[in-house]
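Some notes on the structure that comes next.
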Amino acid sequence: MAEFEKRLACVIAADGSVVRGYLIGDCRFEKPNKYTVTWKVPLQGEAKTNFAGTIGSAKDEPVSPGLITVGLGRQPDQMEVHTFDPDGSPAARSFHLVCFRDQ
């Protein structure tokens, strides 16, 4: 049996492309600000997941201020992320996610 993975992480560019990460499957971007992130392991069920997200650079570009919301998705291996301008208007932003899983 495979070892239970306790940590997942990724960096997603504003266009939804995966820049880097650990156990990240893919990311689907729906304009103007919805990202569906799919992992290679489930976040629900056997795993109890805590997570955090922050607006941040994908590579070395300047970071525009913004807000982010992160939640579990409809599928056990998915998360939904929404990004916003500082005033709360929907806006595409690069971001970083980290997930901590317990059993």
Side-chain angles (χ1 to χ4, degrees):
M1 186 167 139
E3 181 178 334
F4 183 82
E5 294 291 341
K6 297 182 185 242
R7 178 193 60 85
L8 311 172
C10 69
V11 175
I12 305 295
D15 66 1
S17 59
V18 176
V19 177
R20 60 187 175 276
Y22 181 69
L23 292 178
I24 180 76
D26 67 356
C27 181
R28 186 176 72 243
F29 174 57
E30 297 175 38
K31 291 183 180 182
N33 70 327
K34 179 182 176 184
Y35 301 84
T36 302
V37 177
T38 303
W39 300 91
K40 293 181 179 178
V41 295
L43 305 173
Q44 303 173 51
E46 174 189 18
K48 309 300 183 230
T49 306
N50 300 295
F51 44 82
T54 188
I55 300 297
S57 63
K59 295 187 181 173
D60 59 358
E61 76 278 9
V63 179
S64 297
L67 306 168
I68 186 171
T69 62
V70 183
L72 294 172
R74 294 177 190 249
Q75 300 298 320
D77 59 349
Q78 291 182 336
M79 298 179 81
E80 283 194 9
V81 176
H82 292 87
T83 56
F84 305 88
D85 280 335
D87 68 3
S89 300
R93 294 282 186 266
S94 298
F95 59 90
H96 296 229
L97 287 178
V98 64
C99 301
F100 302 99
R101 298 167 70 238
D102 295 311
Q103 289 180 303

dist Gln44:CD -> Thr49:OG1 (nearest 0.5 Å) comes out at 7.5 Å

If you round to the nearest 0.5 Å, how far is CD1 of Ile24 from CD1 of Ile12? 4.5 Å

Are Val18 and Val81 connected, step by step, through hydrophobic side chains (Ile, Leu, Val, Met, Phe, Trp, Tyr) whose heavy atoms are closer than 4.5 Å? yes

I would like to know whether Arg93 and Ile68 meet side-chain contact (heavy atoms from CB on, under 4.5 Å); could you show each step before the answer? CA-CA 9 Å; Arg93 294 282 186 266; Ile68 186 171; over 6 Å; no

Any chance you could measure Glu5, atom CD, to Leu23, atom CG, to the nearest 0.5 Å? 5.0 Å

Given the options Phe51, Trp39, Tyr35, Leu97 meets side chain to side chain contact (heavy atoms under 4.5 Å, CB included) only with Trp39

Between Leu72 and Phe100, is there shared hydrophobic-cluster membership here, with clusters defined by ILVMFWY side-chain heavy atoms closer than 4.5 Å? no

Non-hydrogen atoms of Ala14 and Ala92 that approach each other most closely: O-CB, 3.7 Å

For Gln78, does its backbone N or O pair with a side-chain atom of Thr38 as donor and acceptor, under 3.5 Å? no

Note: Pro90 and Pro32 closest approach over all heavy atoms is CB-CG, 3.7 Å

Minimum heavy-atom distance between Ser57 and Val63, given as atom pair plus value: N-CG2, 3.3 Å

Separation of Ile55 CD1 from Phe95 CZ (nearest 0.5 Å): 8.0 Å

If you apply the rule side-chain contact (heavy atoms from CB on, under 4.5 Å), what do you find for Asn50 with Asp102, and how did you get there? CA-CA 8 Å; Asn50 300 295; Asp102 295 311; 4.1 Å; yes

Rounded to the nearest 0.5 Å, the NE2 atom of His82 sits from the NZ atom of Lys34 at a distance of 5.5 Å

Main chain of Asp87, side chain of Asp85: is a donor-acceptor contact present, judged purely on distance under 3.5 Å? no

Looking at every heavy atom in both Arg20 and Ala58, which two are closest together, and how far apart are they? NH1-O, 2.9 Å

Shortest non-hydrogen pair, Glu61 vs Lys59, comes out as OE1-N, 2.9 Å

State, to 0.1 Å, how close Gly16 and Cys27 come at their nearest heavy-atom pair, and which atoms those are. O-CB, 3.3 Å

Is there a path of hydrophobic side-chain contacts, each under 4.5 Å between heavy atoms of I/L/V/M/F/W/Y residues, joining Phe84 to Phe29? no

Say whether, by atom type as modelled, one donor and one acceptor occur between the side chain of Asn33 and the main chain of Thr83 under 3.5 angstrom. yes

Applying salt bridge (charged side-chain N to carboxylate O under 4.0 Å, His left out) to Glu30 and Arg28, what does each step give before you reach the verdict? CA-CA 7 Å; Glu30 297 175 38; Arg28 186 176 72 243; 3.5 Å; yes

So if you build clusters from Ile, Leu, Val, Met, Phe, Trp, Tyr with side-chain heavy-atom gaps below 4.5 Å, do Phe4 and Tyr22 land together? no

Rounded to the nearest 0.5 Å, what separates atom CZ in Arg7 from atom CZ in Arg101? 12.0 Å

